[in-house]
Amino acid sequence: MSDSDDDVPTLSAETLAALQEFYSETRNFTAQSTAPSDWFTVGAVEEDWSMSQFWYSDDTATRLAEEVIRATGDGGRIACVCAPSVYQKLKQGVVDGSDRVSAVVLEYDRRFSAYEQDFIFYDYNEPLSITAEVAPQSYDIVLADPPYLSEECLSKVTQTIKYLTKDKVLLCTGAIMESHAKELLGLKMCNFLPKHNRNLSNEFRCFVNYPSRLLTC
């Protein structure tokens, strides 16, 4: 090979542009592959009806995220029990004040372990199995959406709620559970009607044990 400059290969402007685009896409892919769990979105996980999963509509998830932020205030700690779409709204930073609170998600579906330290494995059939990793009354508010519309399920989730919360509770479940919500947790029904991405035959409502202007109750 010759050492003269005339023998050094040169690239056309079009080839250089193509290479730059390739390197840029490679860097972006690498960054996303190694990014923290905030890259993981609920939209990346499809509903699994066999586990009674039904994602909230975007408007409902946003409203509920706004509500728990207002209910706790700056520095508030929020536990989302079987409500990953609300947790995601809190972590996306699109709701005012979300940067001033912290949140965890309790879920049976281990796909949500992508949330790393914010994920707590939860089986409602063992409502107090979380005590080894979570201290009692650790959260200012618990937002819970039990996976099944039954007194048995709500009774068990109630044990979890009472263990986790300092005081405030926001329960999202079927309207048919109103009497059980009042009996088990002393909750009252709100006027706000939560919606899901897919239309459900059962009417859902929100229940709280504190005044809420945002949910009108």
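What you see below is based on every heavy atom in this structure, not just the backbone, and it leaves out hydrogens, waters and symmetry mates.
With no hydrogens or angles considered, no side-chain donor-acceptor pair links E107 and Y115 at under 3.5 Å. Side chains of T60 and S57: a donor-acceptor N/O pair is present below 3.5 angstrom, by distance only. Side-chain atoms of Q137 and T165 include no donor-acceptor pair closer than 3.5 Å.
Side-chain contact between I130 and L106 is present, with heavy atoms from C-beta onward closer than 4.5 Å. Between V134 and L164, the closest side-chain pair of non-hydrogen atoms falls below 4.5 Å. With a 4.5 Å cut-off on side-chain heavy atoms, L214 and E66 count as touching. You'll find the side chain of V142 stays beyond 4.5 Å of the side chain of L171, heavy atoms only. Using a 4.5 Å cut-off on side-chain heavy atoms (C-beta onward), K162 and L185 make contact. Put simply, the side chain of K182 does not reach to within 4.5 Å of the side chain of F207, judged on heavy atoms. Contact annotation: the side chain of L90 never approaches that of V95 to less than 4.5 Å [non-hydrogen atoms, C-beta and beyond]. Two residues are said to be in side-chain contact when any heavy atoms from C-beta on lie closer than 4.5 Å; I120 and V105 fail this criterion.
A distance of 8.5 Å separates OG in S150 from NE2 in H180, rounded to the nearest 0.5 Å. Considering CG of D109 and OH of Y122, their distance stands at 15.0 Å, rounded to 0.5 Å. In this structure, the separation between CD on E203 and CD on E178 is 10.0 Å, given to the nearest 0.5 Å. In this structure, I78 CD1 and I141 CD1 are separated by 7.0 Å, a value rounded to the nearest 0.5 Å.
Y139 and L128 fall within a single hydrophobic cluster, where Ile, Leu, Val, Met, Phe, Trp and Tyr side chains are chained together by heavy-atom contacts under 4.5 Å. The cluster map of Ile, Leu, Val, Met, Phe, Trp and Tyr, joined by side-chain heavy atoms under 4.5 Å apart, puts L187 and L193 in different clusters.
Nearest heavy-atom pair, P84 versus W55, reported as atom, atom and distance to 0.1 Å: CG-CZ3, 3.6 Å. Shown here for I161 and A144, the closest heavy-atom pair between the two residues is CD1-CB, 3.7 Å. Annotation for P146 and T173: closest pair CD-CB, 4.4 Å, computed over non-hydrogen atoms. D145 and C172 make their closest contact through OD1-O, 3.0 Å (heavy atoms, listed as atom of the first residue, atom of the second, distance). Here the shortest heavy-atom pairing between G174 and L149 reads N-CD2, 3.3 Å. When all heavy atoms of D118 and A103 are compared, the pair lying nearest together is CG-O, 3.5 Å.
A donor-acceptor distance shorter than 3.5 angstrom exists from the side chain of N209 to the backbone of V169, with no hydrogens or angles considered. Between the side chain of K168 and the backbone N or O of A71 there is at least one donor-acceptor pair closer than 3.5 Å. S155 places a side-chain N or O within 3.5 Å of a backbone atom of E151 that can act as its donor or acceptor partner. R77 contributes a side-chain N or O that, together with a main-chain N or O of S138, makes up a donor-acceptor pair within less than 3.5 Å. Here the side chain of T160 pairs a donor or acceptor atom with the backbone of P127 at under 3.5 angstrom. The closest donor-acceptor contact from the side chain of T216 to the backbone of R213 lies at 3.5 Å or more, if one exists at all. Between the side chain of R205 and the backbone N or O of C190 there is at least one donor-acceptor pair closer than 3.5 Å.
Here E152 pairs with K156 in a salt bridge; the nearest charged N to carboxylate O distance falls below 4.0 Å. A salt bridge links K166 with D140; the closest basic N to acidic carboxylate O contact falls under 4.0 Å.
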**Study point:** T131/Y163 under side-chain hydrogen bond (donor to acceptor under 3.5 Å, both in side chains): CA gap, chis, key distance, verdict
**Key:** CA-CA 8 Å; T131 58; Y163 179 82; 5.0 Å; no

Check your understanding: What's the verdict on side-chain hydrogen bond (donor to acceptor under 3.5 Å, both in side chains) for S98 and Q92, showing C-alpha distance, side-chain angles and the deciding distance?
Key -> CA-CA 8 Å; S98 59; Q92 284 175 343; over 6 Å; no

**Study point:** Verdict with supporting geometry, Y148 and L154, side chain to side chain contact (heavy atoms under 4.5 Å, CB included)
**Key:** CA-CA 8 Å; Y148 301 103; L154 182 56; over 6 Å; no

**Study point:** Step-by-step disulfide bond (SG atoms under 2.5 Å apart) determination, C206 to C217
**Key:** CA-CA 9 Å; C206 294; C217 52; over 6 Å; no

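Here the options are K89, R63, K195, the test is salt bridge (charged side-chain N to carboxylate O under 4.0 Å, His left out), and the partner is D58; only K89 passes.
Between H196 and Y56, the two ring planes are tilted [angle within 30° to 60°]. Taking the six-membered ring for Trp and thresholds of 30 and 60 degrees, Y108 and F121 have ring planes inclined between 30 and 60 degrees apart.
Shown here is D99, whose CG atom has more than 12 heavy atoms of other residues, nucleotides or ligands within 6.0 Å.
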